[in-house]
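Computed from heavy atoms alone, side chains included, the values below leave out hydrogens, waters and symmetry copies. Numbering of ligands and ligand atoms starts at 1, following listing order.
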Amino acid sequence: MKLRTRISSLLLGATFVLSLALTSSPAAAVELKMTEAEIAKAGKIYFNICTGCHGTLRKGATGPSLLPKKTREMGTETLEEIIWGGTPGGMPNWGEQGAMTRDEASLLARFLLLDPVAPPEISLGQMKMSWNLIVPPNKRPKKPQHNRNWQNFFGVVERDAGKIVVFDGDTKEMLARVDSGYATHILRSSASGRYFFIIGRDGKVGMIDLFTKKPTLVATAKPCSEARSVDTSKFKGYEDKLAIVGCYWPPHMVILDGETLEPKKVIGTRGYTYDTGTYHPEPRVAAIVSSHYTPEWVCNIKETGFIWLVDYSDIENVNITMIEGERYLHDGGWDSTHRYFMPAANMKDTMVVIDTKERKRVARFEVGTKPHPGRGANFVDPKYGPVHSTVHIGEGLVSVWGTDPVKHPQYAWKVVRSIELEPGAGGLFIKTHPKSKNLWVDFTLNTDLVTHQSVGVLDINNLDKPVKMIQLTKDPKARVVHMEYNKAGDEVWISIWGKKGEIVIFDDKTREIKKRIKGLDTPTGKFNVYNTMHDIY
Ligand code: DHE
């Protein structure tokens with residue numbers, strides 16, 4: 001059907017009038033009216049729910065492009081149904097899940113017919129204005145003011161509450177509940193482990209000091225309006241000196257002081273895709289890790305498909321090495337030696353391998369549909385030696401590949417096992433520990449209620465045995481998500497992500513529940529200090 005579109009973003013009073021006329025069917029002409037208030041409301045819903053996958057400028061990434069040329073052809077009815085009920089391709093059923101009302105789905109469908117509007121940029125000066133040094137370094141204790149085993153502390157994200165809860169992993173006591181900002185995404189530990197760095201979807205970064213009597217927020221800043229990643233300088237001689245925040249919007253990364261969070265340097269990521277050389281206005285920064293071989297951060301630039309090595313040894317003359325990876329880069333983790341970083345390009349069903357010692361890509365290979373490793377899981381396979389693994393959003397599968405090019409070169413960077421997960425797709429995270437023989441997987445985005453209310457566990461010594469499913473909740477609005485080990489590697493902490501959320505703690509050996517910590521608001525990621533500072537997973 002040929003479409004003649006006349007969009008008049010005319011401001012008529014407080015009303016934008018959008019009129020669409022279908023040449024083949026004049027009767028089907030529609031007129032859409034959206035008030036400024038409606039546009040603001042729909043824009044907020046889009047920011048909260050859709051940008052992560054479709055991009056701020058709606059050019060598409062993990063989700064397809066939603067530019068007006070396409071959405072106007074689809075029409076509001078189709079769009080509303082997709083927003084409400086999802087698609088088999090992985091679009092969540094937002095309406096059915098209760099994330100929005102019918103009216104909101106309809107409003108959002110109409111909003112998607114408008115031209116996308118770029119949110120404002122943020123200058124270094126504005127970032128500095130947002131900086132809040134709550135406790136300066138010289139007012140902080142020199143050593144822990146408590147006798148707790150602080151390297152076994154856990155930081156738990158309470159996503160919708162915008163808080164971080166810090167637990168003593170030995171006693172399971174709640175030590176502090178700290179305000180972090182809207183929809184906090186992840187925590188990372190500083191090289192010394194003393195600080196938890198927080199990054200939120202709202203682009204706010206914070207630092208929690210674990211040496212104070214009670215864990216304390218000591219600094220915040222807002223270098224982005226949307227972000228997902230943070231890390232710190234970990235190379236010898238630079239421990240705790242600098243931090244980096246990767247933004248989704250504006251498309252840039254920001255280097256900050258590692259003790260105060262004072263914003264120091266902003267580096268734009270706009271540029272050309274690695275393969276087609278096409279200009280992209282919104283290359284977002286996805287996962288960041290800190291190299292153990294050089295003073296560099298390894299940064300996934302999602303839309304252009306480059307992995308940047310950002311040298312922080314001289315931030316007045318920053319050197320950046322751009323390694324061709326794949327599109328669209330998302331999450332990823334280290335192999336057990338911490339030499340190889342393995343990001344997932346989930347829309348190309350591909351894993352990339354970066355050798356951070358030689359500072360180049362050494363492999364790129366296909367796995368299953370939409371790999372989503374989080375930081376992945378390393379273990380020693382009884383047949384194939386040291387391996388790394390991922391689950392997939394798009395199919396019920398664990399992909400396992402060799403990571404030891406020296407002693408097991410025949411398996412290195414080759415998929416050696418494809419373990420079918422009979423309950424199906426929707427996996428977000430996978431986890432084990434060097435001391436464990438269990439491989440835990442979640443099914444967070446699976447559409448079946450009982451499946452996403454359960455965690456799965458595989459036996460590393462017998463990977464042909466079907467996954468054992470353990471239902472953790474019967475709350476119809478809750479999903480099981482993300483696993484994390486304690487420092488000793490004998491307990492696994494798992495979130496029940498819901499309004500009446502919980503952390504369920506398993507004895508890893510017996511696979512029996514040891515404890516349930518109730519009363520948490522939408523707990524998602526959990527980060528053990530020792531395992532996070534040493535990249536153990
Ligand atoms: Fe995440 C990691 C982005 C949805 C919980 N998430 C990451 C990372 C990125 C990312 C880039 C890697 C950070 C790093 O290692 O430096 N996440 C995104 C999205 O863009 C996406 C798809 C949509 C969005 O709008 O945010 C998204 N993520 C989610 C969720 O829906 C989850 C389950 C709950 C939430 O917070 O919204 C979620 N993401 C997590 C967690 C990690 C993570 C717990 C860290 C895993 C780890 O063990 O390191």
Could you check whether [Y] and [X] have their ring centres less than 6.0 Å apart?
X	Y	value
Trp249	Phe47	no
Tyr238	Tyr312	yes
Phe379	His388	no

(request) Select all protein residues for which some heavy-atom-to-ligand 1 distance is less than 4.0 Å, and list them by chain and number. (result)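 Within 4.0 Å of ligand 1, protein side: Gly52, Arg159, His185, Ile186, Arg188, Arg201, Arg228, Ser229, Tyr248, Ala286, Ala287, Ile288, His330, Arg375, Leu428, Phe429, His482, Trp497, Thr524, Gly525, Phe527.
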
(message) Looking at Arg375 and Glu484, is there a salt bridge between them, counting it only when a charged N and a carboxylate O are closer than 4.0 Å?
(response)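 A salt bridge is present here (some side-chain N lies under 4.0 Å from a carboxylate O).
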
(message) Can you tell whether the side chains of Asp275 and Arg327 come within less than 4.0 Å, N to carboxylate O?
(response)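 A salt bridge links Asp275 with Arg327.
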
(request) Indicate whether the side chain of Lys526 and that of Ser495 have a donor and an acceptor atom separated by less than 3.5 Å. (result)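 There is such a pair between these side chains.
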
